[in-house]
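None of these values were measured; they are calculated from a predicted model. In the text below, chain A, chain B and the rest are named by the order of the sequence lines, each starting its count at 1.
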Number of protein chains: 2
Amino acid sequence: MAHRQAQRRSSIHDVASRAGVSAATVSKVLAGVTTVKPENAQRVFDAVEHLGYRVDPLASDMRRAKRRIIGAIMPEFESEFFGQMVSELEGLAEQRGYTLVAASSRESEAREKEVLARMHDWRVAGVVLAPVRNEHGPAAGFMKANGMTGVLIDRVLADDAFDTVSADSAAASAEVARELIGKGHRHILVIGLGQQAATVRARLDGFRAKALELVPDVRIDVVLSESEVEPLRALLHDYFDKGAKRGERPTAVYSLFLKGTLVALSEFRRRGWHCPDDISLVGFDDAEWMQVTWPAIAAVVQPVRQIAAQAMDVLFARIDGGDGPPKARLEPCKVLMRESVGSPGSGPHSGGGNRQ
Amino acid sequence: MAHRQAQRRSSIHDVASRAGVSAATVSKVLAGVTTVKPENAQRVFDAVEHLGYRVDPLASDMRRAKRRIIGAIMPEFESEFFGQMVSELEGLAEQRGYTLVAASSRESEAREKEVLARMHDWRVAGVVLAPVRNEHGPAAGFMKANGMTGVLIDRVLADDAFDTVSADSAAASAEVARELIGKGHRHILVIGLGQQAATVRARLDGFRAKALELVPDVRIDVVLSESEVEPLRALLHDYFDKGAKRGERPTAVYSLFLKGTLVALSEFRRRGWHCPDDISLVGFDDAEWMQVTWPAIAAVVQPVRQIAAQAMDVLFARIDGGDGPPKARLEPCKVLMRESVGSPGSGPHSGGGNRQ
DNA sequence: TTGAAAGCGCTAACAC
DNA sequence: GTGTTAGCGCTTTCAA
C-alpha cells in the first residue's frame, strides 16, 4: 500500500466547472474584479470553499512576468543579528503579499555570487543583500550587470547603483569613545576583522576621531585580522604577550564585531583577567547572553528592525518603479554601557566591584 | 531616464534559434541526454554561453509536476540552534539540486499552520517541520490531511504518519543526572517550558529516572512555565523566595532549554549567587558564548548536523517513493561539563575555585 | 458581463 | 537524432 499519497490538488478549472463559469471568471473573482455578476461570484466562492481551492502562487507569477518573491542573502544564519534580520524581512515581505526566500552566503563572496545568480534564475522581484565584505563585491556587480532590483544592507556605506541601509556605526563608535575616555581610559585596544572593510573602517574612524578630539594624546592600538576569526585569536595573543614584555597593557578593549568580543573574552579568561577590574570591554553588536553574565557586557545595539523596515521600504519603492538616485541610509544605534566597563587604575578586584 | 531597467532574459527559444535547433533539443542537451548529435550539442552549449542562458527553475518545475523545493519551518530564526539547522538544511537541499525555502512559525501554532499552507500552495516536494509544540499539533494534522511529504524534527518523539528525527534528550538528561549526582548533588531544580511538551517530558523523565535510580531519595523540584518564557522568570523567583523562607535551596539547576538557562543566570545575578560556588548550573542546548564566560556554562550539545542530515535523508527517501512505516530517530547528544558545575557544600567562594 | 484564446518558460511523448 | 505537439496552472487581452 502506498503510504501517504499526495492527492491532486484542485485547479482553477475544477473551481470553474463546479461554479458553472469559466476559469477566466474565477480568476477575476479571486482577483477582486467587481464587474462580475454577484450571483456568479457567490457560486465561485462556494466552489472555492467546497474544494479548498487555493491559487498556485508560482503558476500565477509565471503568467505575470514579475514574481512575488523577495530574495534575502545573508552572510550567515547562526547569529542573533542575521536571524532577527531574516525574521523581520520575512514578516515585512509577507505583509506585502510576497514570499521571502533566504539564502546564506556563508561568509564567502564566491558563494554569494552563486546564490545571487540563483535568485536571478528565480526572477525574484528584488533582493536584500547583506554582502560578505562591502558594496564593491562581485555580487553587487552581478546585480548591476543584470539589471536586478535590490538594496544593500549592513556591511555597506554607500553605492552609486543601489540604495543602502546600515547602522550608523561611526556615530555609535564615537559614543563608545566618549564613554571610555570619560571613564579615564587613555590606552585602548580596538580589534576587528578587515574583511568587513566597509563597516570596520567606519567604526574605527568614528571611534578614533572622537577619542583624539577629546584627548589628543590618547593611545589607540589596532589589531585587525584580515578575513578570519581564528587568526585574530593568535594576533590578540601576540599583542598582549608583547605588551606584557614591555610592561604595558591597554585598560580597555573595543571589539568592532561580535565574534571579536567572544575572542577577547576568551583571551581574558586564558590570562585570568576579569572585567572591569583588570580590563574594560565594549563590543559592537549586542546579544541576549551579554546581560546575564558576570559582568554584563557593554555593547552597541544595532537597530535591526529599523534597518529591515527601511530596506524593505526602499526596495519596494524601486520595485514599484520608483526612480531617482540611490540613497545611503544610516540608522542610529544604542550604546549600552554595562558592568564590563569601569575606570582604569582601580586595580584588580578593588574598585567598581560587581560582586555585591 | 529609467534607472536600472531589467532586461528581458533570454529563454530557451532564444538559445534554440541561435543554435539552429528546436527548444526540445536544447532542453535535452541541458538535461544531459546523450542521444543528441555532438555537433548540435556543441552549438547549444555555445549559444548558452553566448547568451548567458540559464534555465528558469520555476518554469521547469511547472512542467514536471513535482517542484524541486523543500520547505523548512522553524519555530524561530534567532537562536544558534535553528540558525545552524537552517544553514545545514540549505546546504543539504542544494546538494540534491533543490532549493530550501525557510519560514519561521514564531513559536505560534496558528502561524505554523498558515506557513505550512503556503508551502502546500507552493507545492513543495517535501517539508522539514520543527513544530512549535510537538508532533500532535495542527500543522502535522494539516500535512497528513493533505497528503504532504514531510519529516518532523526537534520537538518530537514519534509519529504514526511521519518520520521524526530529534536529539536523544532522555539519554543526555540521564547523563546530566549521573554527573550531578556523582558530584554529590542531592537537591536539584529542573526548569522547563511546558509548551515544548514532547521533548521537555523526555528530558525530565530521562533525568529523573536516572537520578532516582542512582539515589532513591534525591530531591528533584520542577518548575515549568506553560508556554511563555517571562512567566518562568516569575515562577523561578517565587520558587527561590519560598525556599529561602524555609532555609532550603537546591545545590544545582538543570535547565531543559536555552532561554531557561538565561533566565536562571539572570535570577542568580539578581540574588548575587555565583556558579559553581553558590549553585551549579547545566543547560540543555549549547551556545558559543557559554565557553567564554566566567564560569563557562555546562551544556548539552545537540547534534545539529546529524539531525539535519538524517532529516534530509529520510525526507528524500520518501520523496523518491520510499515506503514503509515511519521511523523515529534519535541522535546522541554530547554533554559538556564545564565550570558552572561543582560540588555542593563547599560554600560560597571556597571550593572549586575558578579564578586562578 | 463573460469566455475563448494566447501565452509565461519549460519538458515529455511521440512522431518522423 | 530531432522537431512537433501538448500541456503544467494561471492571467489577460479581446471579441462577443
Side-chain angles (χ1 to χ4, degrees), chain A residues 6-45 47-48 51-69 97 99 118 120-125, chain B residues 6-45 47-48 51-69 97 99 118 120-125:
Chain A
Q7 55 259 37
R8 202 184 72 80
R9 282 193 78 168
S10 39
S11 81
I12 198 168
H13 290 109
D14 301 323
V15 177
S17 65
R18 182 159 226 280
V21 296
S22 75
T25 302
V26 175
S27 179
K28 281 170 196 151
V29 171
L30 265 31
V33 172
T34 53
T35 61
V36 178
K37 191 155 61 169
E39 189 193 311
N40 279 339
Q42 193 52 54
R43 302 177 56 106
V44 168
F45 286 131
V48 164
L51 297 171
Y53 171 76
R54 294 186 134 224
V55 174
D56 178 340
L58 263 32
S60 168
D61 280 358
M62 191 94 241
R63 182 55 225 259
R64 321 178 175 224
K66 260 287 184 290
R67 292 181 188 167
R68 284 160 301 183
I69 301 174
T99 296
R118 204 155 355 146
H120 189 218
D121 293 343
W122 273 51
R123 286 149 173 80
V124 296
Chain B
Q7 54 259 38
R8 200 186 74 79
R9 285 193 74 170
S10 41
S11 80
I12 197 169
H13 290 107
D14 301 324
V15 176
S17 65
R18 183 158 225 281
V21 296
S22 75
T25 302
V26 175
S27 180
K28 280 171 197 149
V29 171
L30 266 31
V33 173
T34 53
T35 61
V36 178
K37 193 157 58 171
E39 188 194 312
N40 280 337
Q42 194 50 53
R43 301 178 55 107
V44 167
F45 286 131
V48 164
L51 297 171
Y53 171 76
R54 293 187 132 226
V55 174
D56 178 340
L58 262 31
S60 168
D61 281 358
M62 191 93 240
R63 180 58 227 254
R64 323 177 177 225
K66 259 288 185 285
R67 290 180 190 168
R68 283 159 303 181
I69 300 173
T99 296
R118 205 158 351 147
H120 190 218
D121 293 345
W122 273 51
R123 285 152 175 78
V124 296

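- Pairing each heavy atom of Ser60(B) with each of Arg68(B), the nearest pair is OG-NH2, 2.8 Å.
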Throw together a table of side-chain donor-acceptor distances under 3.5 angstrom for residues 51-58 of chain A, partners on residues two or more places apart or in other chains.
residue: Arg54(A); atom: NH1; partner: Asp121(B); partner atom: OD1; Å: 3.4
residue: Arg54(A); atom: NH1; partner: Asp121(B); partner atom: OD2; Å: 2.3
residue: Asp56(A); atom: OD1; partner: Leu58(A); partner atom: N; Å: 2.9
residue: Asp56(A); atom: OD1; partner: Ala59(A); partner atom: N; Å: 3.3
residue: Asp56(A); atom: OD1; partner: Arg67(B); partner atom: NH1; Å: 3.1
residue: Asp56(A); atom: OD2; partner: Arg67(B); partner atom: NH1; Å: 3.1
residue: Asp56(A); atom: OD2; partner: Arg67(B); partner atom: NH2; Å: 2.6

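- Inter-residue side-chain proximity for His120(A) and Arg9(B) is flagged as met; some heavy-atom pair is nearer than 4.5 Å.
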Notebook entry, point to check: What string of B, S and - do you get for nucleotides 8-16 of chain D, 5' to 3', if B is base contact, S is sugar-phosphate-only contact and - is no contact with any protein heavy atom under 4.0 Å?
Noted result: BBBBB----
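- Listed by first then second residue, pairs satisfying side-chain hydrogen bond (donor to acceptor under 3.5 Å, both in side chains) with a partner in residues 24-35 of chain A read Ser22(A)-Thr25(A), not counting sequence neighbours.
- At a threshold of 4.5 Å between non-hydrogen side-chain atoms, the residues Val33(B) and Val29(B) do not count as touching.
- With a 4.5 Å cut-off on side-chain heavy atoms, Arg18(A) and Val15(A) do not count as touching.
- Of all non-hydrogen atoms in Ser10(A) and Asp14(A), the two that sit nearest each other are CA-OD2, 2.9 Å.
- Of the residues in residues 34-45 of chain A, not one comes within less than 4.0 Å of DNA chain D through any heavy atom.
- The two atoms that bring Ala23(A) and Ala16(A) nearest to each other are N-CB, 3.5 Å, heavy atoms only.
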Next item on the list: Would you sort out whether Arg64(A) and Asp61(A) count as a side chain to side chain contact (heavy atoms under 4.5 Å, CB included), showing the intermediate values?
Entry: CA-CA 5 Å; Arg64(A) 321 178 175 224; Asp61(A) 280 358; 4.3 Å; yes
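- For the salt bridge (Lys or Arg N to Asp or Glu O under 4.0 Å) test, no residue two or more places apart in sequence or in another chain qualifies with Arg63(A).
- Note that the first and last nucleotides of DNA chain C, 5' to 3', having any atom under 4.0 angstrom from a heavy atom of chain A are dT1(C) to dG9(C).
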